[in-house]
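Each remark here refers to the structure printed beneath this line.
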2 protein chains.
Amino acid sequence: MHKMVDNVGPLYQKIKDHILQRIADGDWPAGSRVPSENELVKLFKVSRMTTNRALRELTDEGVLMRVAGVGTFVAEVKAHSHPLEIHNIADEIHGRGHDYSAKVLILEEVRAGAETASWMEINKGESVFHSRIVHFEQGRPIQLEDRFVNPEVAPGYMAQDFSRTTPYEYLMSMAPLLKAEHVVKAVMPDGATRQHLDMDENEPCLLVERRTWSGDRVVTIARLWHPGSRYELSGKFRP
Amino acid sequence: MHKMVDNVGPLYQKIKDHILQRIADGDWPAGSRVPSENELVKLFKVSRMTTNRALRELTDEGVLMRVAGVGTFVAEVKAHSHPLEIHNIADEIHGRGHDYSAKVLILEEVRAGAETASWMEINKGESVFHSRIVHFEQGRPIQLEDRFVNPEVAPGYMAQDFSRTTPYEYLMSMAPLLKAEHVVKAVMPDGATRQHLDMDENEPCLLVERRTWSGDRVVTIARLWHPGSRYELSGKFRP
DNA sequence: CAGTGGTCTAGACCACGTT
DNA sequence: ACGTGGTCTAGACCACTGG
């Protein structure tokens, strides 16, 4: 499955897209050398400042790694995310030039238990949607997403194909996500979680619990398990 | 006295530092207009490509906001605190109304190894300060802090009593901390770390790695280990 | 030595929004 | 019309690395 490379936009963006596409296709694995600035100048018939910007931005984004006097290489990427932003795991993975896929384990309508009802600020026994999805990066599981959704906000949730569209994309299209609350923990996974995430015996999980509001209603609560060896949260801030 | 030699480094970095300093000093509040590219060209006597790069990078980092045909403005400050903005563990514990104490395990001057030098952006073998401190909440260990400090920025570091003042408080008094980078991971502790933090056998650590800059120099790098069962990061925000 | 990335210049054309 | 940012060119000098 090849993504279409956009033919419009700035030249440096075309060069970035081309490199991301080659990485995603597996032509340029991690550690391999990418064309030098001068080689890209000849390939794309642009000035060196333009190829420099493309390579520099991909380096700032963590996709490439550069060594002056040596060359530019595809970075050994460790998954990372900015906890400040509500992220679309699919966009995050595509942004690294990697292949994304998903597997739906559960998609059902259930009655809220006491704890779930409390978190979603609804009454116990009310109907809620429940999904459990494994997200894959380059074929390796990177996130187990367990989610409850308020049916009043997203009535069409059960009819979505979440192997093609992420819950985030659908929920964003249904309601503006105005407020979120998150908790980050380090925990040991249970057996099923460890198996779904293809984790080693003594490996911890980075667990993100997130609650999202639109207006004064809880739209969704999510528990996102990540393998500690393959996922980290990162961010830059001004104190 | 430590002399700040700021006539080193790329020109675009000097322009970025100048703008960050003016924002930090309160001269340019959120929403205020910053000089245009052409105005900065005259001020710094550089080409427009150089001022463009400085403003573009600050925009990519979320510091500024640009509108073509209008101007460049200081971005609105995020209203809600972020879990990773918690710098001072003592304030955090006092904020919970709990008792805080600390135990200094290591306070020494060492020569930077290859990895430390790389992270601190200095040369291998140069002198750096190294400290390792356990922080206690209500008498229970809550954080093991392993830190390297740039001696040029904080020459008096070795003379501090870190059972009374946290490293963060001292460093903040020595240099304006203009930028920070964080990575959060879930890892298993080694034996010594587990003992210092009084953790169970199969318990993971929440590890925060933080790198802090003042201008274009790395002031300090810190690795903060927390027992997974007793510590979590949490926060609210508006997208 | 030749090649690499890192930076910088002094121009240029364009789309856009304000005046 | 004018100033703004957005992009791009065709050079240039430098520090560094490899053979």
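By convention in this document, chain letters (A, B, ...) are assigned in the order of the sequence lines, proteins followed by strands, and residues within each chain are numbered from 1.
The distance from atom CZ of A:R56 to atom P of C:dG6 is 9 Å, rounded to the nearest whole Å. Whole-Å rounding puts the A:M65 CE to D:dT17 P distance at 14 Å. In this structure, B:K14 atom NZ and C:dT7 atom P are separated by 12 Å, rounded to whole Å. The distance between atom CG of B:L58 and atom C1' of D:dG6, rounded to the nearest whole Å, is 17 Å. Following rounding to the nearest Å, A:D60 (CG) and C:dT7 (C1') show an atom-to-atom distance of 14 Å. In this entry the distance linking CD of B:E37 with C1' of C:dA15 reads 14 Å, nearest Å. One atom, CG of B:N52, and another, C1' of C:dC13, lie 15 Å apart when rounded to the nearest Å. Between the CD atom of B:Q13 and the P atom of C:dT7 there is a distance of 9 Å, given to the nearest Å.
Contact annotation: A:R66 side-chain N/O to C:dG6 OP1/OP2 distance is under 4.0 Å. Not one side-chain nitrogen or oxygen of B:N38 sits closer than 4.0 Å to the OP1 or OP2 atom of D:dG3. Between A:R53 and D:dT7, a side-chain N or O to OP1/OP2 separation shorter than 4.0 Å is present. Checking the phosphate oxygens (OP1, OP2) of D:dT9, a side-chain nitrogen or oxygen of A:T50 falls inside 4.0 Å. Phosphate proximity of C:dT7 to B:Y12: present, with a side-chain N or O under 4.0 Å from OP1 or OP2.
The B:A68 side chain lies nearest to D:dG6 when the options are C:dG5, D:dG6, D:dA10. Nearest nucleotide to the side chain of B:M49, out of D:dT4, C:dG11, C:dT4: C:dG11. Comparing D:dG6, D:dT4, C:dT4 by their nearest atom to the side chain of A:S36 picks out C:dT4.
Judged by closest nucleotide on DNA chain C, A:V34 is the one of A:V34 and B:K45 placed further toward the 5' end. Taking the nucleotide of DNA chain D with the nearest heavy atom to each of B:R33 and A:V70, the more 5' of the two is matched to B:R33.
At the heavy-atom level, B:L55 lies nowhere under 4.0 Å from the strands shown.
For B:R111, the CZ atom counts as loosely surrounded, since its 6.0 Å shell holds 12 or fewer non-hydrogen atoms of other residues, nucleotides or ligands.
In this structure, a donor-acceptor pair under 3.5 Å is present between the side chains of A:Q21 and A:D25. A:R210 and A:H182 share no donor-acceptor pair across their side chains, judged by distance under 3.5 Å alone. Of the N and O atoms on the side chains of A:Q13 and A:D17, at least one donor lies less than 3.5 Å from an acceptor on the other residue.
A donor N or O paired with an acceptor N or O is found under 3.5 Å between the base of D:dG6 and the side-chain atoms of B:R48.
For A:R140, the side chain to side chain donor-acceptor pair (under 3.5 Å) partners at least two apart in sequence or on another chain are A:D198.
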